[in-house]
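Here the structure is a predicted model, which is why all the values come from computation and not from measurement.
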Amino acid sequence: GYMAYKEIKKFADKNAAAITNEIRKIAESFHDRYQDSTKYKKLRHGDNHDDVKNILKKQKEELTDNEKMQLALYVLYRYRNNIFHGNKGARSWSEYHDQIDQCVRIMAFVIDNNLTSLSSERNN
């Protein structure tokens with residue numbers, strides 16, 4: 001289904017109980033990666049969301065499962081947008097192989113666990 005930025009936190013809050021150790025580790029690796037402001041600026045591509053910045057300001061060990069889920073979904077959301085609409089064209093995909101692989105694993109987690117967004121429930 002469709003996911004807008006404004007729904008990511010609600011989706012994370014609703015589905016955080018399903019988080020696995022694999023998704024926690026992916027979120028933690030994203031947390032580590034985006035401590036680098038240059039990498040974070042490329043990721044967000046104009047987005048400026050205080051809730052994501054606040055997650056990145058925390059120590060990794062302090063993050064709740066909700067925040068880890070939110071960060072993982074936000075990075076997935078941005079990679080999807082950057083690949084299809086932004087600055088991560090096919091020529092640069094090999095540079096982001098690890099992050100794209102992690103995003104695919106997040107998508108598989110969402111699909112395999114039949115996680116739902118609030119908007120998809122309204123449409124049923």
Side-chain angles (χ1 to χ4, degrees):
Y2 175 77
M3 177 68 76
Y5 171 78
K6 65 184 178 181
E7 293 186 42
I8 291 174
K9 183 176 181 344
K10 291 184 271 187
F11 184 93
D13 289 345
K14 179 180 179 209
N15 294 291
I19 197 169
T20 63
N21 284 333
E22 178 185 30
I23 301 305
R24 285 184 190 99
K25 288 178 184 176
I26 290 171
E28 291 169 2
S29 74
F30 288 158
H31 185 273
D32 290 342
R33 178 177 176 78
Y34 296 113
Q35 296 304 302
D36 180 320
S37 61
T38 301
K39 289 178 181 174
Y40 180 61
K41 186 176 180 180
K42 283 184 180 181
L43 170 73
R44 66 184 183 86
H45 194 67
D47 274 355
N48 193 20
H49 300 289
D50 288 337
D51 54 337
V52 176
K53 287 192 283 188
N54 290 335
I55 290 171
L56 292 172
K57 286 179 185 176
K58 287 186 166 186
Q59 294 296 314
K60 180 171 50 179
E61 299 76 24
E62 297 173 352
L63 297 177
T64 66
D65 281 348
N66 293 49
E67 291 167 326
K68 289 178 183 180
M69 179 78 87
Q70 183 180 351
L71 180 60
L73 293 169
Y74 176 71
V75 174
L76 169 61
Y77 169 81
R78 287 305 320 151
Y79 265 85
R80 183 261 179 223
N81 286 352
N82 289 347
I83 287 171
F84 292 104
H85 304 294
N87 62 355
K88 290 183 178 56
R91 289 189 190 110
S92 69
W93 290 1
S94 63
E95 179 184 343
Y96 299 99
H97 176 270
D98 291 341
Q99 292 76 38
I100 293 170
D101 178 65
Q102 290 170 317
C103 288
V104 169
R105 292 182 359 220
I106 295 166
M107 284 188 288
F109 162 75
V110 170
I111 293 166
D112 291 347
N113 289 283
N114 198 29
L115 303 184
T116 59
S117 71
L118 302 173
S119 64
S120 68
E121 290 175 355
R122 287 190 297 260
N123 294 331
N124 289 333

A.B. asks: Would you mind reporting whether Phe30 and Lys68 have side-chain heavy atoms less than 4.5 Å apart?
C.D. replies: no

A.B. asks: With rounding to the nearest 0.5 angstrom, report the CG to OH distance, Leu56 to Tyr34.
C.D. replies: 9.5 Å

A.B. asks: Quick one: does Val110's side chain get under 4.5 Å of Asn15's, heavy atoms only?
C.D. replies: no

A.B. asks: Drop me the distance from Met69's CE to Thr20's OG1, to the nearest 0.5 angstrom.
C.D. replies: 8.0 Å

A.B. asks: Quick one: OG1 on Thr38 to CG on Leu43, what's the gap to the nearest 0.5 Å?
C.D. replies: 12.5 Å

A.B. asks: Looking at residues at least two apart in the chain, or sitting in another chain, which of them share a salt bridge (Lys or Arg N to Asp or Glu O under 4.0 Å) with Lys53?
C.D. replies: Asp50

A.B. asks: Taking everything shown except Lys41 itself, do over 12 heavy atoms lie less than 6.0 Å from its NZ?
C.D. replies: no

A.B. asks: Less than 4.5 Å apart, any side-chain heavy atom of Asp13 and any of Lys9?
C.D. replies: yes

A.B. asks: Can I get a per-line list of side-chain donor-acceptor pairs under 3.5 Å for residues 98-109, giving both atom names and the distance, sequence neighbours left out?
C.D. replies:
{"unit_1": "Asp101", "atom_1": "OD2", "unit_2": "Arg105", "atom_2": "NH1", "d": "2.9"}
{"unit_1": "Gln102", "atom_1": "NE2", "unit_2": "Ser29", "atom_2": "OG", "d": "2.8"}
{"unit_1": "Arg105", "atom_1": "NE", "unit_2": "Glu22", "atom_2": "OE2", "d": "2.7"}

A.B. asks: What is the distance from atom CD1 of Ile55 to atom NE2 of His31, rounded to the nearest 0.5 Å?
C.D. replies: 8.5 Å

A.B. asks: So, using salt bridge (Lys or Arg N to Asp or Glu O under 4.0 Å) as the criterion, who are the partners of Asp47 when residues are at least two apart?
C.D. replies: Arg78

A.B. asks: Classify the angle between the aromatic ring planes of His49 and Tyr5 as parallel (below 30°), tilted (30 to 60°) or perpendicular (above 60°).
C.D. replies: parallel

A.B. asks: Could you grab the distance from atom CD1 of Ile23 to atom CG of Leu71, nearest 0.5 Å is fine?
C.D. replies: 11.5 Å

A.B. asks: Atom OH in Tyr77, atom CD in Gln70: separation rounded to 0.5 Å?
C.D. replies: 12.5 Å

